[in-house]
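Read the structure below first, then the notes.
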There are 2 protein chains.
Amino acid sequence: MANQLSRLDQVFAALADPTRRAIVMRLCAGEASVGELADPFDMALPSFMKHIHVLETSGLVQSEKSGRVRTCRLSPDALLGAEDWFQQQRAIWEARLDRFEAYVMKLKKEREAARRPSKTTSKTTKRKGS
Amino acid sequence: MANQLSRLDQVFAALADPTRRAIVMRLCAGEASVGELADPFDMALPSFMKHIHVLETSGLVQSEKSGRVRTCRLSPDALLGAEDWFQQQRAIWEARLDRFEAYVMKLKKEREAARRPSKTTSKTTKRKGS
DNA sequence: ATGATTGTTAGCCAAATGGCTAAGTTAAAT
DNA sequence: ATTTAACTTAGCCATTTGGCTAACAATCAT
């Protein structure tokens, strides 16, 4: 029944909300209580707590309660996991660009070879222009 | 009236769905038509088109129609923008760790200085244990 | 022991999301 | 001139999301 969201799904969904991104940014600077975190936001506490809960189930934030105050801290692993995803995509993207560039270079050489049908590439025969 | 979502909101929301992440991954390898993109997914075309549309309004994907086929390509800027966010947070996080480490080092020195109240640090007086 | 702080639970509500089908529309193929 | 291919639009539906209030703990301070 439970829809088994992947970790990445939850992390990206958590970060899609500006309130939650602000919480994460705040927690990057150090741990804080729910009250401290909620203070800057014009929002009822129960609404705010929902955001905290989303962050916790996404794995981005951990918290523990001592006395009547719950202290939240960032757990950087989930953040790094998401960052990894970008880096992998960028790697694939850049590999593609490299291949494309290689392809263009090949075309260029072939065009040149077609224009000058000698077998060896002589550096002395430099030509410029179309 | 229009709720003016920030670009980051839209990018992260777009990436929170596994179908859409798969589309982005596919497009990292090169442009493709809607039909080609939709093929691997067991989903009605109109549903799939909604995903494409989400990706387009997030800025992650651009598309253009020629004839009856719409070709989609990744626009890497939005992707890089989101990656930047992670890197900024990580920078803050790491700065904090550095500060913490510096703090621990300071404590350590003070403890040591308190234990051995001479002004100069003599390397000869090495001591081990608690 | 009372009262103030600091969450927490329960439940309501409007809007957004992510799926569907059915019925267009436009370009290419025959 | 039809038919087929490749989207596109319109609209339905269930679930999720993100806000609220009201009432309930559970501590800490006095």
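As a basis for the values below, the full set of heavy atoms in this structure was taken, side chains included, without hydrogen atoms, waters or symmetry mates. These figures come from a predicted structure and were not determined experimentally. Here is the naming used below: chain letters follow the sequence lines, and residue numbers restart at 1 for every chain.
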Practice prompt. Measure from CZ on A:Phe12 to P on D:dT16 and round the result to the nearest Å.
Written response: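 Computing the A:Phe12:CZ to D:dT16:P distance gives 22 Å.
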Worksheet entry | Interatomic distance where CG belongs to A:Asp17 and C1' belongs to C:dT17 [whole Å] |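 The answer, rounded to whole Å, is 15 Å.
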Worksheet item: Can you name the residues that form a salt bridge (charged side-chain N to carboxylate O under 4.0 Å, His left out) with A:Arg68, not counting sequence neighbours?
Response: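 Not a single residue meets the salt bridge (charged side-chain N to carboxylate O under 4.0 Å, His left out) criterion with A:Arg68.
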Discussion item. Let's see if you get this right: which residues in residues 36-58 of chain A place a heavy atom under 4.0 Å from DNA chain D?
Written reply: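 A:Met43, A:Ala44, A:Pro46, A:Ser47, A:Lys50, A:His51 - these, ordered by number, are the residues of the stretch whose heavy atoms sit under 4.0 Å from the strand.
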Could you pull out the protein-nucleic contacts involving nucleotides 2-4 of chain D (nitrogen or oxygen on both sides, under 3.5 Å)?
none

Worksheet item: So which one's nearest nucleotide on DNA chain D is more toward 5', B:Ser33 or A:Ala16?
Response: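 By nearest-heavy-atom nucleotide position, the 5'-most residue is B:Ser33.
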Worksheet item: When you look at B:Arg73 and B:Val61, which way does the side chain to side chain contact (heavy atoms under 4.5 Å, CB included) test go after all the steps?
Response: CA-CA 6 Å; B:Arg73 58 179 67 47; B:Val61 164; over 6 Å; no
Practice prompt. Taking only the side-chain nitrogens and oxygens of B:Lys65, find out if one of them lies under 4.0 Å from OP1 or OP2 of C:dA27.
Written response: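 Looking at the OP1 and OP2 atoms of C:dA27, neither is under 4.0 Å from any side-chain N or O of B:Lys65.
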Item to complete: Answer yes if B:Leu45 and B:Phe41 sit in the same cluster of Ile, Leu, Val, Met, Phe, Trp and Tyr residues linked by side chain heavy atoms under 4.5 Å apart, and no otherwise.
Response: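 The answer is yes; both residues are in one hydrophobic cluster.
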Worksheet item: Are A:Phe86 and A:Ile92 connected, step by step, through hydrophobic side chains (Ile, Leu, Val, Met, Phe, Trp, Tyr) whose heavy atoms are closer than 4.5 Å?
Response: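 No, it is not one cluster - the side chains of A:Phe86 and A:Ile92 are not joined through contacts under 4.5 Å.
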Fill in: Residues within residues 18-26 of chain B bordering DNA chain C, heavy-atom distance below 4.0 Å
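The answer is B:Arg20.
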Worksheet item: Hey, which of A:Leu60, A:Thr57, A:Leu15, A:Leu55 is the one that makes side-chain contact (heavy atoms from CB on, under 4.5 Å) with A:Gln10?
Response: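 Passing option: A:Thr57.
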Worksheet item: Quick one: ring-ring contact (aromatic ring centres under 6.0 Å, His included) partners of B:Trp93, sequence neighbours excluded?
Response: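 Scan of B:Trp93 (ring-ring contact (aromatic ring centres under 6.0 Å, His included), adjacent residues dropped) gives none.
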Worksheet item: Below 4.0 angstrom, N of the basic side chain to O of the carboxylate: do A:Arg70 and A:Glu64 qualify?
Response: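 Looking at A:Glu64 together with A:Arg70, the answer is no, because their closest N to O distance does not fall below 4.0 Å.
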Worksheet item: Rounded to the nearest 0.5 Å, how far apart are CD of A:Gln87 and CD of A:Gln89?
Response: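 The distance works out to 11.0 Å.
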Item to complete: Look up atom OG1 in A:Thr19 and atom CG in A:Leu37, then write down how far apart they are to the nearest 0.5 Å.
Response: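 The OG1 atom of A:Thr19 sits 12.0 Å away from the CG atom of A:Leu37.
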Practice prompt. Please collect all side-chain hydrogen bond (donor to acceptor under 3.5 Å, both in side chains) contacts where either partner lies in residues 34-54 of chain A, sequence neighbours excluded, each pair once.
Written response: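 Qualifying pairs, neighbours excluded: A:Arg20-A:His51.
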